[in-house]
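Below you'll find the structure, written out as structure tokens, and then a few comments.
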Amino acid sequence: MPNRVIDVDGARWEISPTGRHTQYVKDEFSILFTKMANGTPERRMARYSPQGVKNREQSLAELSDADLATLLRRSQPAWTSVELGYRR
């Protein structure tokens, strides 16, 4: 799936599903948010439980920009997530 880009509070964020699957396979997956700015990129992670379609790419495509902004606000810094190996 091509990455989506949203604008939240004047900052552009690129959004994509991660390649890692949780034990819940189609009931939950992780979304990576990458801030598109000069310098070091800021990355954040959020877990998402699809409500309709269980396919990761289709479910992510169905989310509105407002839904994605809400997930971003609830996200955690990428270095605190197992999906990215706790790397800073």
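Below, all heavy atoms of this structure are taken into account, side chains as well, without hydrogens, waters or symmetry copies. This structure is a prediction, so every number in the text was calculated from the model and none was measured. For reference, positions follow the sequence shown, starting with 1.
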Going through the checks in order, is the side-chain contact (heavy atoms from CB on, under 4.5 Å) test met by Leu63 and Arg4?
CA-CA 11 Å; Leu63 290 174; Arg4 286 183 60 183; 4.2 Å; yes
Do [X] and [Y] touch side chain to side chain, with heavy atoms closer than 4.5 Å?
{"X": "Tyr48", "Y": "Ser59", "result": "yes"}
{"X": "Met45", "Y": "Ile31", "result": "no"}
{"X": "Glu42", "Y": "Trp13", "result": "yes"}
{"X": "Pro41", "Y": "Lys35", "result": "no"}

When rounded to the nearest 0.5 angstrom, what is the spacing between OG in Ser49 and CZ in Phe29?
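The CZ atom of Phe29 is 9.0 Å from OG of Ser49, to the nearest 0.5 Å.
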If you round to the nearest 0.5 Å, how far is CD1 of Ile6 from CD1 of Ile15?
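If we round to the nearest 0.5 Å, Ile15:CD1 and Ile6:CD1 are 3.5 Å apart.
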Do any side-chain atoms of residues 67-78 form donor-acceptor pairs under 3.5 angstrom with protein atoms, and if so which ones, sequence neighbours left out?
| from | atom 1 | to | atom 2 | distance (Å) |
| --- | --- | --- | --- | --- |
| Asp67 | OD2 | Ser64 | N | 3.4 |
| Asp67 | OD2 | Ser64 | OG | 3.2 |
| Thr70 | OG1 | Ala66 | O | 3.1 |
| Ser75 | OG | Arg44 | NE | 2.7 |
| Ser75 | OG | Leu72 | O | 2.6 |
| Gln76 | NE2 | Thr80 | O | 3.0 |
| Gln76 | NE2 | Thr80 | OG1 | 2.9 |

